[in-house]
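Order of appearance sets the numbers: ligands from 1, and atoms from 1 within every ligand.
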Amino acid sequence: MITLALSKGRIFQETLPLLASAGIEVLEDPEKSRKLILPTNRPDVQVVLVRASDVPTYVEYGGADVGVCGKDTLIEHQAEWGTHGLYQPLDLRIAKCRMSVAVRADFDYANAVRQGARLAVATKYTAIAREFFATKGVHVDLIKLYGSMELAPLTGLADAIVDLVSTGNTLKANHLVEVEHIMDISSRLVVNQAALKVKQASLRPIIDAFAQAVSASV
Ligand code: AMP
């Protein structure tokens, strides 16, 4: 059995065409079903639905053989736990967005950075934020949040946030502006290294089909 870990939403939806290119069709809609294990048209392939930040953990420890997760999630997972036995063969170029710094439209970020002020930065992505500001030589107090980072500068909890931006609509709706582009983000295929050896015959064709579909879409 091949087990593929996916998170619901954009990653699930954008992985479906890649699965189709490997001849795999998921037989239930996760938005309608309460099942956590979804069957596919292949009796030897199943999909497990996990939280995005749990995908690397499932794949690393063999709860799943393969998974799809954002580069952001991988960097944070790696910073906290390291990566042992996690192979990252492919940038799938899906769920694209960017990691950015945003502040209230009336906050003078350039001046704060120039004057060497200590910035209070709220984020879920503490490893990425720490590395970014350390490289810039800006002193930061990091405030770890798990949701709705946009609220932090509006309530005075923080001066700035580090968050994923796709259309920019969420920032705009909350009177925030992007002041730094940290990195482009897309989702990656992650594979359990031991599974790649043991289940080579069934995993390789799936990885190769994904790779072909990605290069065809560029
Ligand atoms: P947007 O309004 O389109 O710029 O989307 C921004 C909101 O969606 C923020 O709350 C982000 O944390 C979240 N977001 C955007 N892109 C992604 C992504 N690829 N994966 C997870 N969350 C995302």
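Atom CD of Gln212 sits in a sparse spot, with 12 or fewer heavy atoms from other residues, nucleotides or ligands closer than 6.0 Å. Heavy-atom contacts from other residues, nucleotides or ligands closer than 6.0 Å to CZ of Arg51 number 12 or fewer. In this structure, Lys124 places its NZ atom where only 12 or fewer heavy-atom neighbours from other residues, nucleotides or ligands lie under 6.0 Å away. Applying the 6.0 Å contact sphere to NE2 of His181 captures more than 12 heavy atoms from other residues, nucleotides or ligands.
Arg98 has no carboxylate O lying under 4.0 Å from a charged side-chain N of Asp184, or vice versa, which leaves the two without a salt bridge.
For the atom pair CG (Leu203) and OH (Tyr87), the distance works out to 11.0 Å, reported to the nearest 0.5 Å.
Within 4.0 Å of ligand 1, contacts by protein heavy atoms are made from Arg10, Ala95, Cys97, Glu150, Asp163, Leu164, Val165, Ser166, Thr167, Gly168, Asn169, Thr170.
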